[in-house]
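A short write-up of the structure that comes next.
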Amino acid sequence: VPVQRIRNFSIIAHIDHGKSTLADRLLQETGTVESRDMKEQFLDSMDIERERGITIKLQAARMNYTAQDGEEYILNLIDTPGHVDFSYEVSRSLAACEGALLVVDASQGVEAQTLANVYLALENDLEVIPVLNKIDLPGAEPDRVAGEIEEVIGLDCTEAIQASAKAGIGIDAILESIVKDVPPPQDNVDKPLRALVFDSYYDAYRGVVVYFRVMDGTVKTGDKVRFMASGKEYVLDEVGVLAPNQVKVDALHAGEVGYLSASIKAVEDARVGDTITLATKPAKEPFPGYVEATPMVFCGLFPTDADQFPDLREALDKLRLNDAALQYEPETSSAMGFGFRCGFLGLLHMEIVQERLEREYNLDLITTAPSVVYRVTTIKDEVVLVDNPAHLPDVQHREKMEEPYVKMEVITPETYVGTLMELCQQRRGAFIDMKYLTPGRTTLVYEMPLAEVVTDFFDQMKSRSRGYASMEYQLIGYRVNNLVKLDVMINGDPVDPLATIVHRDKAYGVGRALAEKLKELIPRHQFKIPIQAAIGAKVIASEHIPALRKDVLAKCYGGDISRKKKLLQKQAKGKKRMKSIGTVDVPQAAFMAVLKIG
Ligand code: GTP
């Protein structure tokens, strides 16, 4: 197929606005996937994704479409993950396209994630086609939402397509618009090979399978290629297209999208954003925009049972083959024993990894509260990055301490502006701007410490706005603040996984609330347990958990046996996910207690 009849596009949308449903519809309508083969939501193939209804890893599908002009076109849909943690991956998959469908739920309107992704598309010079989805809903207001898109994004919506991915309305119009409005790729087939990696995954038999878009030149099975960022070279075992299952082809030319395998050992050797060229005839320059994933959020992972430490290491090694952004190194804590300090792109990434470790590898883990990376300048003028509060240099060695800041945009119905501003203020946010999107809807812009975002800001925002507000943030750099380390002692012993870094002004409040929360969460023992919070040597809050007076079974004496059994079972269940620290059993929830304090 000549390059003039290829279209490469992606779909950008806020979570739940119907991206996956529309993708499925397009695959069905073009006959790419037979209806009977169609698993619901073909593109979201990971189980966890399907369960959570979110798209984490991006993938691609090639469709053949005979347009109204009678010509046959190849439409390559490149899927994008819909979460801020993966915005770098979104930017790379958009860089592999010439156009994007902007799907907006016509009963909702523009949301924070929509905006963030549209800006990425516009930065990549994509042709953006607005689609007003869910017009089958009685509450749909396509005209209002079209107005919103024009107002906020400045995109002409006079010809916006009204569609229902669910009911199959407007699908032909969308396909025609892709053909007519998305420009074909440039015909760069005569240049030296350059292909952009937009996704990859690890396959136990073939090694890493790389998804890429050929920008210049041609790539063939048997070619020796070089990944320009990693510098690694491989002979290609196979190249092919995604139809949407992998189908081998001899060669792929400029403009085409496909996959390759070359017995690559781990995804870190073929990272998203890297440029593939020929080892024998390399291109001069890679594509701009390659960035190595930097973990933003760290936490400790400890097996509840110390014997599982080797299993945990093995599981992390395996996950890492498939996840170049995951970082980990062994961590020993006097309180917790052996575990790992792990780094993640963000909170969602962290949750996904934890969940996979527990579900797929059957590990019982204690996870400590997430921490951001602090930048400490010592009195000797050395700069130290601290991702674990327990490792913060002592105050007398610190010259200054900085923390990462984000620019936060919250889009909300007007009614919740007050309560959300209050939340942002509590989270040390500095008000920057307030914009009226359309009557009744407002954008709030704040600058705030990332640390305040990773402590359940999202949940608070959702509950204060009854689910109606959406948010988006981006990192804007480090700022100096007056920060202190808050230590926690249980039964007189410092428990370093409970240590946390807070702003000095909040330290007393957090210390008190944390001590109270721990008192609530740690079960009673046969002895009295003191709990203290301290800054340096100074105790700022103290509580104690009274000793159990009687054996819990005492009240069952004489009672029927089934009741006694039930009680024992209940206790056994409660025991799961406890870590013994000294003589005290501390439940998982206690390690997250700091997140539950506003
Ligand atoms: P993420 O994968 O989380 O980014 O979400 P998504 O944008 O892919 O949304 P998805 O396709 O999973 O749709 C979200 C919900 O909206 C599902 O329950 C769909 O059935 C429903 N939905 C999608 N399109 C339509 C539509 O046109 N009309 C109606 N009524 N519901 C729709």
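Counting convention: from 1, in listed order, for ligands and their atoms alike. Keep in mind it's a predicted model, so treat the numbers as computed, not measured.
For a threshold of 3.5 Å applied to N or O pairs, the pair formed by A163 and ligand 1 contains no separation below that value.
A salt bridge between E71 and R5 is present, with a side-chain N of the basic residue lying under 4.0 Å from a carboxylate O of the acidic one. Salt bridge absent: R441 and E151 never bring a charged side-chain N and a carboxylate O closer than 4.0 Å. At a threshold of 4.0 Å, the pair E238-R206 counts as salt-bridged, since one of the basic side-chain nitrogens sits closer than that to a carboxylate oxygen. At a threshold of 4.0 Å, the pair K19-D79 counts as salt-bridged, since one of the basic side-chain nitrogens sits closer than that to a carboxylate oxygen. Under the 4.0 Å criterion applied to side-chain N and carboxylate O atoms, K318 and E360 are not assigned as salt-bridge partners.
Of all atoms in ligand 1, listed by their number and element, those nearer than 4.0 Å to a heavy atom of N133 are 24 (N), 25 (C), 27 (O). Those atoms of ligand 1 that come under 4.0 Å of a heavy atom in S164, given as number and element, are 26 (C), 27 (O), 28 (N). Per-residue contacts place I15 under 4.0 angstrom from the following atoms of ligand 1 (heavy atoms of the residue considered): 3 (O), 4 (O). Those atoms of ligand 1 that come under 4.0 Å of a heavy atom in H14, given as number and element, are 7 (O). Residue contact check: G18 has heavy atoms under 4.0 Å from atoms 6 (P), 7 (O), 9 (O), 10 (P), 11 (O), 13 (O), 23 (C) of ligand 1. Every atom of ligand 1 is numbered from 1 in the order shown, and the set under 4.0 Å from a heavy atom of L137 is 30 (N).
Counting heavy atoms closer than 4.0 Å to ligand 1, residue D16 contributes atoms from both its backbone and its side chain. Contacts between K19 and ligand 1, counted as non-hydrogen atom pairs separated by less than 4.0 Å, involve both the backbone and the side chain.
Relative to atom 15 (C) of ligand 1, the option among K134, Q113, R25 with the closest non-hydrogen atom is K134.
Between the side chains of T455 and R427, at least one donor N or O sits under 3.5 Å from an acceptor N or O.
With rounding to the nearest 0.5 angstrom, the OH atom of Y446 is 9.5 Å from the CD1 atom of I432.
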